[in-house]
Novice: 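One structure is given below, represented as structure tokens, and several questions about it will come after.
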Amino acid sequence: MSIARYLALDLGAESGRVVVGTLEKGRLHLEEIHRFPNGPVRLLDTLHWDALQQFREIKAGIAQYVSRYGAEVGSLGIDTWGVDFGLLGRGDVLLGNPVHYRDARTDGMMEAAFAVVPREEVFQRTGIQFMQLNTLFQLVAMVRQRSPLLEAAETLLLMPDLLHFWLTGVKASEFSIATTSQCYDPRAGDWARGMLEALGIPSRIFQEVRQPGTAWGPLLPSVAEETGLKQGIVVAPGTHDTASAVAGVPSEGDDHAYLSSGTWSLMGVETRQPVINERSLAYNFTNEGGVGGTYRLLRNIMGLWLVQECRREWARAGSEYSYDEITQMAAEAEPMRSLVDPDRPEFLSPGGMPARIQAVCREAGEPVPETPGALVRCALESLALKYRWVLERLEELSSKKLSVIHVVGGGSQNRLLCQFAANATQRPVIAGPVEATAIGNVLTQALAGGAISSLQEGRRIVASSFEMSRYEPQDAGLWDDAYGRLFGGA
């Protein structure tokens with residue numbers, strides 16, 4: 001295999017980075033060459049994304065690549081978080097800054113939508129987990145507010161599609177990100193146009209859907225001139241970051257569950273067809289698009305957001321703790337003292353997380369955690385127990401025994417959470433690689449360019465290129481008791 005280089009532009013909810021992936025002699029090497037913050041911006045009473053700054057940083061990262069490696073690259077592609085979008089008006093003008101998914105405008109919008117299109121029908125059409133932050137409910141909010149931006153919109157592009165448009169001038173939507181919107185009908189292979197129109201959402205603003213690995217096109221001349229990248233085509237990876245992360249899981253066979261662990265925890269299995277039935281609706285599971293003709297049957301779990309928000313709150317109060325410090329405090333705290341369902345709606349919005357956790361504990365009759373260590377231990381143990389709840393339902397919905405859990409992403413570095421996950425599920429946990437999202441992004445580009453022959457080959461390369469850690473289950477009785485306490489043994 002000759003040397004091939006790819007540029008993965010990976011934007012998360014806290015930061016973005018530009019990563020060079022080099023394939024050489026059956027090994028993959030990653031190099032981060034640019035990183036930038038990517039938090040929300042509050043303007044008056046609305047949380048926004050600074051999309052123009054994101055694009056500026058993307059171009060800066062491309063220019064960094066050129067300064068190191070020259071003006072040619074195999075290809076480049078962007079992945080981001082899901083559900084958020086930009087609207088373009090006449091002349092492809094961006095109509096306002098994209099709104100952040102944690103903005104309060106979607107409060108009550110699920111109930112408003114179900115008054116028009118029943119919940120069961122929405123699920124039958126889309127197969128997507130109900131979360132008020134979904135694109136569908138953001139658009140329902142705009143309809144109900146009679147937003148002039150929606151009235152003026154000619155094009156809707158989800159975030160990676162918007163950034164790809166600014167790079168190439170091509171307006172289209174990639175499959176994996178389209179499915180996160182709860183506006184796409186996977187069985188029809190098109191947007192759920194009848195449902196959208198019934199809710200007052202103009203289906204004309206939605207674009208053609210293309211599969212991961214599709215070439216979007218060359219850079220616009222203005223972008224090529226500004227960055228110095230003279231030769232390189234944009235290839236869409238799984239542009240939803242979880243789709244790329246799952247593509248980067250170094251798994252063999254199909255008897256495993258994956259857990260993409262970061263701000264969110266996304267736990268699931270790969271399937272060839274969406275699983276849309278009464279049980280997946282009752283369990284509120286989702287069927288998101290994947291790479292290579294797959295679907296990701298999974299459940300979104302609140303994730304390390306609970307810990308991140310606690311840490312931010314303590315920093316605002318003058319107590320700066322590193323993640324290592326608060327994890328060590330959690331390890332030393334009393335086990336199984338306080339437990340909460342991490343998916344409680346009280347935990348969705350930013351701000352005041354320690355007090356929110358305490359209030360939920362108080363309401364549930366749990367001992368109230370007072371110290372940082374006790375609060376973080378509550379969050380981590382509760383997350384691990386929720387993983388067990390999801391794993392049991394994944395086995396039921398997929399009709400197979402899942403013998404191991406692959407944990408990828410930033411959360412794979414949290415040794416305490418990984419051990420808790422093994423204990424709670426009584427399954428071995430294989431943690432790593434941390435950079436699964438960038439890896440999956442690169443693999444999809446490499447597959448499109450012919451440098452690898454299959455995703456399975458790419459995953460074997462990942463397994464031989466990066467170190468992983470293995471955690472064996474412990475303390476089964478203690479965790480069984482805690483599971484019964486939190487979820488009634490369900």
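This chain uses plain numbering: 1 for the first residue, then up along the sequence.
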Novice: What pairs of residues pass the ring-ring contact (aromatic ring centres under 6.0 Å, His included) test when at least one of them lies in residues 290-309, not counting sequence neighbours?
Specialist: Phe175-Tyr295
Novice: Listing request: all ring-ring contact (aromatic ring centres under 6.0 Å, His included) pairs with a residue in residues 417-442, at least two apart in sequence or in separate chains.
Specialist: Phe420-Trp479
Novice: Does the distance from a Lys or Arg side-chain N to an Asp or Glu carboxylate O, for Arg193 and Glu197, drop under 4.0 Å?
Specialist: no
Novice: Of all residues at least two apart in sequence or in a different chain, which pass the salt bridge (Lys or Arg N to Asp or Glu O under 4.0 Å) check with Glu120?
Specialist: none
Novice: Who pairs with Gln413 by side chain to side chain donor-acceptor pair (under 3.5 Å), at least two apart in sequence or on another chain?
Specialist: none
Novice: Once side chain to side chain donor-acceptor pair (under 3.5 Å) is applied, do any residues pair with Asp79, and if so which ones, sequence neighbours excluded?
Specialist: Asn441
Novice: Taking only residues two or more places apart in sequence, or in another chain, which ones meet Arg344 in a side-chain contact (heavy atoms from CB on, under 4.5 Å)?
Specialist: Asp341, Glu346, Phe347, Val360, Glu363
Novice: Give the ring-plane orientation class for Phe123 versus Phe130, where under 30° counts as parallel, over 60° as perpendicular and anything between as tilted.
Specialist: tilted
Novice: Is a salt bridge present between Arg388 and Asp480, judged by a nitrogen-to-oxygen distance below 4.0 Å?
Specialist: yes
Novice: Step through the shown structure and confirm whether more than 12 heavy atoms of other residues, nucleotides or ligands are within 6.0 Å of CZ on Arg279.
Specialist: yes
Novice: Which residue pairs satisfy the ring-ring contact (aromatic ring centres under 6.0 Å, His included) criterion with at least one member in residues 445-472, sequence neighbours excluded?
Specialist: none
Novice: Are Arg35 and Ser15 linked by a side-chain donor-acceptor pair shorter than 3.5 Å?
Specialist: yes
Novice: Listed by chain and number, what are the side-chain contact (heavy atoms from CB on, under 4.5 Å) partners of Ile233, not counting sequence neighbours?
Specialist: Ser75, Ala215, Val235
Novice: For Ala113, check side-chain contact (heavy atoms from CB on, under 4.5 Å) against everything at least two apart and list the hits.
Specialist: Phe137, Val140, Leu199
Novice: Going by side chain to side chain donor-acceptor pair (under 3.5 Å), name the residues that satisfy it together with Asp50, two or more places apart in sequence or in a different chain.
Specialist: none
Novice: Suppose we screen for side-chain contact (heavy atoms from CB on, under 4.5 Å). Which residues come up paired with Glu154, at least two apart in sequence or across chains?
Specialist: Arg90
Novice: Output side-chain donor-acceptor pairs under 3.5 Å for residues 249-259, partner residues at least two apart or in another chain, one line each.
Specialist:
residue	atom	partner	partner atom	Å
Ser251	OG	His256	NE2	3.4
Asp255	OD2	Ser403	OG	2.8

